[in-house]
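Here's the structure, in structure tokens; my notes come after.
Every number for a ligand or one of its atoms is a count from 1 in the order of the listing.
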Amino acid sequence: MTEQSGLTAGSKCSGCGIQLQMESPEQPGYLPAQALERTPLLCQRCFRIRNYNESSTVTVDQSEFLRLLSQVGDQDALVIHIVDLFDFHGSVISGLQRFVGNNPVILAVNKTDLLPKVTNWNKIRNWVQKEAKELGLKVEDIILCSAKQNTGFDRLLEVVGFLRGNRDVYVVGATNVGKSTLINRLISDYSDLEEELTVSRYPGTTLDTVNIPLDDGHAIIDTPGIVYETRYTELVNKKDLAAIMPDKPLKPAVYQLNEGQTLFFGAMARFDYIEGGRQSFTFYINNRLNIHRTKLERADELFAQHGGEMLAPPTREHLAELPAWTRHELRIPKGKPTDVFISGLGWVKVNGEQGALVAVHLPKGVKVIMRPSLI
Ligand code: GDP
């Protein structure tokens, strides 16, 4: 190493302390020529980590995001769309296809660890494939993964390696689906970084668009997390987030209900069984929420008296911060198992042997749909 290169013998990276060098990009301590101007001196590896971590926290709504993304269709790129399996219909970007043009999309379905331990994964994959198609998404491959358990990532990296060719990789997703965790993995795989980047528990904390240069001259492009206000997780007070976001495998709660019965999930939601014979309903909702059963005719009064206290969380104070509840009446068809899906909260499976008329009460704006059963 010479003085001319701008590095004095013994120059160390101020991030990790490694001896800096300008000869081999693949070797530790590499400092690209353009980085010589920067003070303090940082090796490429530390520079990437810092840059990634220090970018401001930016989230956008879907239309803004799709505008940002509209240039992707003109480029030759690989797109990884990451969704949360627990909140599939709340986190999927339904308008994505129009903007990515002919570029391949890999659908990474994260948080598989939240499904019950005994799960038929082939069935889940087929379900995802069908639902994605219904939503107009053409996907090259579906990877079921869990950033938490570190499963599925090897397969994902394999597919990325296979499809990437000579392209940049865009990573897109809603907030809180595990995008930072995934990017972490990609960076460490493609540029030999070992340090962990920041991940956060709260929605909306994913970093702004960041280009993370790879050793081959291409980049991983992390895009802002999209905020879908129709997800319960975006509405609740951060303190109540842990009450609705499971962090352990769901234990389905089976309730035999007669018509005219109501269940409260803390004060997060209310489920009325209005019409139909005695039958079982299976609730895939965070087990931390207390379920309280009552008569439908008593439910309004019970909520008025005890919402935010005996029925909690949220507490009265946080309940007052949420939009008032609206009632969604749903007729569940006879014939096939159906989920009543509540974005960010979970779902209720109805067997479909006899059909049912139900109503769900939730803060206004939270998305509720019926869908073919996931499990
Ligand atoms: P981002 O907002 O999409 O970048 O998501 P983060 O990577 O910050 O993760 C958001 C939240 O989801 C954090 O609380 C993570 O711990 C959690 N999370 C991420 N991946 C997984 C996963 O595979 N399983 C579970 N259960 N939680 C996850």
If hydrophobic clusters are built by linking Ile, Leu, Val, Met, Phe, Trp and Tyr wherever their side-chain heavy atoms come under 4.5 Å apart, do L296 and F283 end up in the same one?
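Unlinked, L296 and F283 end up in two clusters.
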Geometric cation-pi criterion R371 and W347, 6.0 Å radius, 45° cone
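Judged by the rule (NZ or CZ under 6.0 Å from the ring centre, within 45° of its axis), R371 counts as positioned above W347.
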Just by modelled atom types, is the I375 backbone N or O under 3.5 Å from a matching donor or acceptor in the K349 side chain?
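Indeed, once roles are kept as given, a pair shorter than 3.5 Å links the two residues.
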Heavy atom under 4.0 Å from ligand 1: found in [X]'s side chain, backbone, both, or neither?
X: N110; answer: side chain
X: L182; answer: neither
X: N176; answer: both

Mind checking whether [X] has an N or O less than 3.5 Å away from an N or O of ligand 1?
X: C145; result: no
X: Q149; result: no
X: G178; result: yes
X: K148; result: yes
X: A147; result: yes

Examine the side chains of D84 and S91 and answer whether a donor and an acceptor come within less than 3.5 Å of each other.
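No, no side-chain donor-acceptor contact under 3.5 Å.
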Identify the heavy atoms of T338 and K336 that sit nearest to each other, and give their distance.
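Minimum heavy-atom separation between T338 and K336: OG1-O, 3.1 Å.
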I need the minimum non-hydrogen distance between I93 and H81, along with the two atoms involved.
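Looking at all heavy atoms of both residues, the closest pair is N-NE2, 3.1 Å.
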Min heavy-atom dist L114 to ligand 1 below 4.0 Å
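The answer is yes: ligand 1 sits under 4.0 Å from a heavy atom of L114.
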Can you sort out which atoms of ligand 1 are near K179, meaning under 4.0 Å from one of its heavy atoms?
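By the 4.0 Å cutoff, the relevant atoms are 1 (P), 3 (O), 4 (O), 5 (O), 7 (O).
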Sub-4.0 Å atoms of ligand 1 with respect to non-hydrogen atoms of S146
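Selected atoms, number and element: 23 (O).
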Measuring from D247:CG to R288:CZ, what's the distance to the nearest 0.5 Å?
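Result: 4.5 Å between the selected atoms.
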Taking the side chain as every heavy atom from C-beta outward, state whether V358 and D272 have any atom pair closer than 4.5 Å.
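Not touching, per the 4.5 Å side-chain cut-off.
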